[in-house]
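No experiment lies behind these values; they were computed from the predicted model shown. Atom set for the values below is all heavy atoms of this structure, side chains included, hydrogens, waters and symmetry mates excluded. Here is the naming used below: chain letters follow the sequence lines, and residue numbers restart at 1 for every chain.
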Protein chains: 2
Amino acid sequence: MGFMVSTKGRYALRVMLDLAEGGGEEYVPLKDISDRQEIPHKYMEAIMSRLTKEGLVDAAHGKGGGYRLSRPAETYTVGEILTATEGDMVPVACLEGGFDCPRADVCKTLPVWRRLDKMIGDYLDSVRLVDLMDDAERDPRSLGRILAEPSQRPSS
Amino acid sequence: MGFMVSTKGRYALRVMLDLAEGGGEEYVPLKDISDRQEIPHKYMEAIMSRLTKEGLVDAAHGKGGGYRLSRPAETYTVGEILTATEGDMVPVACLEGGFDCPRADVCKTLPVWRRLDKMIGDYLDSVRLVDLMDDAERDPRSLGRILAEPSQRPSS
DNA sequence: TATTTACCTACTATATTGGTAGGTATATTT
DNA sequence: AAATATACCTACCAATATAGTAGGTAAATA
């Protein structure tokens with residue numbers, strides 16, 4: 001079995017959350033974040049490169065430099081962060097962009113994968129970065145509450 | 001990115017569906033199935049071995065032998081078939097059995113993965129093998145209908 | 001006995017994951 | 001101007017998984 005989300009995406013999410021919780025306008029050196037999050041600094045650099053190129057964070061060189069969120073924390077979704085680092089996330093090769101299966105029109109299993117893909121995408125897009133923050137506990141939309149009542153869908 | 005479901009699971013699902021649509025008590029030679037499904041026969045053997053060991057199909061050697069479903073077609077779910085062939089399917093390494101992350105109690109992203117995992121599992125367990133069959137089109141619970149109205153959850 | 005089938009073991013090529021190592025460019029401070 | 005702190009870039013690597021292939025053995029039937 002393969003994992004849909006690798007360390008790239010998971011680390012990215014933790015770093016973004018770390019930046020959001022810092023909450024300031026100041027740049028935070030990656031060293032600080034990777035120390036706090038116990039993630040290898042050098043490995044993290046590659047991931048930050050993606051986040052910077054995708055415009056999710058701003059970077060600043062030199063002393064006093066580092067990274068910070070490029071937008072208000074409330075505007076980020078988990079789906080967006082994962083897509084930026086993992087690329088388009090699909091649960092099966094059948095759905096990958098650029099691959100068109102010759103059996104697509106006769107394949108009876110394809111609807112399962114499409115539906116699964118949509119469910120996953122909808123869910124990840126529905127969770128906001130701020131829903132994972134500590135002070136989200138008192139927010140009725142927070143994950144803690146959502147997880148406590150599994151019969152409710154998160155967003156719609 | 002990695003795929004959650006590899007060819008093992010996807011092929012297995014197609015073979016099980018093929019067997020279900022055959023509908024008989026007779027054993028079907030794997031050669032016939034792999035020809036119809038355009039799956040390499042030799043590769044498929046390994047997958048059938050898993051399905052047999054897990055008790056999802058019966059196998060018979062020799063002439064007139066082959067494979068058949070071991071239970072009524074209505075009793076199979078997609079989740080069961082995928083789990084038999086792929087092993088426990090989790091979207092991230094964090095959730096893998098036997099791995100206990102030392103950061104589990106402080107990790108704020110873990111609830112996302114848990115919730116995601118539950119959604120995926122619930123969905124796959126809710127789709128029955130017979131929901132993918134041709135004659136399920138006239139069944140109001142069929143996937144065709146479900147996919148046409150994306151606001152409705154499949155089973156509950 | 002011949003044939004048909006499942007079953008078993010070993011091998012392989014390719015890609016991905018999860019890093020490490022070492023250096024360069026840029027900005028700030030002294 | 002020099003030292004320092006940071007991001008950024010390129011190359012490499014070991015382990016693992018994927019998607020098979022190849023070649024044989026065992027069992028059941030005709």
task: Output yes when at least one side-chain N/O atom of B:S49 is less than 4.0 Å from OP1 or OP2 of C:dC7, else no.
output: no
query: Going by heavy atoms in the side chains, are A:K31 and A:D35 under 4.5 Å from each other?
result: yes
task: Scan A:A60 against the nucleic acid and name what it touches under 4.0 Å (heavy atoms): base, sugar-phosphate only, or nothing.
output: sugar-phosphate
query: With side chains defined as the heavy atoms from C-beta onward, is the minimum distance between B:V78 and B:Y123 less than 4.5 Å?
result: no
- request: Output the single nucleotide from C:dG18, C:dA6, D:dC8 whose closest atom is nearest the side chain of A:Y43.
  value: C:dG18
query: Roughly how many Å is it from CD1 in A:I47 to C1' in C:dT20, rounded to a whole number?
result: 14 Å
- request: Determine the contact category for A:Y67: base if any of its heavy atoms lies under 4.0 Å from a base atom, sugar-phosphate if only primed atoms, P, OP1 or OP2 are that close, otherwise nothing.
  value: sugar-phosphate
- request: Could you please name the option among D:dA5, D:dA7, C:dT17 that lies closest to any side-chain atom of A:K63?
  value: D:dA5
query: Distance check: side-chain N/O of A:S6 vs OP1/OP2 of C:dG18, anything under 4.0 Å?
result: yes
message: Which nucleotide wins on minimum distance to the side chain of A:E45, given the candidates D:dA19, C:dG18, D:dC8?
response: D:dC8
Heavy-atom donor-acceptor pair, A:Y11 side chain to A:S34 backbone, under 3.5 Å: no
message: Distance check, rounded to the nearest 0.5 Å: A:L51 atom CG versus A:M48 atom CE?
response: 5.0 Å
message: Taking the nucleotide of DNA chain C with the nearest heavy atom to each, does A:P40 or A:K8 sit closer to the 5' end?
response: A:K8
message: Counting distance alone, no hydrogens or angles: does the base of D:dG23 have a donor or acceptor under 3.5 Å from a partner atom on the side chain of B:K42?
response: yes
query: Quick one: is C:dT17 close enough that its OP1 or OP2 comes under 4.0 Å of any side-chain N or O from A:T7?
result: no
task: By nearest nucleotide on DNA chain D, pick out whichever of A:G66 and B:G64 is the more 5' one.
output: A:G66
query: Reckon A:Y27 has a side-chain N or O less than 4.0 Å from the OP1 or OP2 of D:dA5?
result: no
query: Of the nucleotides D:dC9, C:dG18, C:dC7, which one has an atom closest to the side chain of A:K53?
result: D:dC9
task: Could you check if a side-chain atom of B:M89 sits within less than 4.5 angstrom of a side-chain atom of B:L124, using non-hydrogen atoms only?
output: yes
task: Rounded to the nearest angstrom, tell me the gap between atom CE in A:M89 and atom C1' in C:dT16.
output: 17 Å
task: Find the distance A:H41:NE2 to C:dG19:P and express it as a whole number of Å.
output: 15 Å
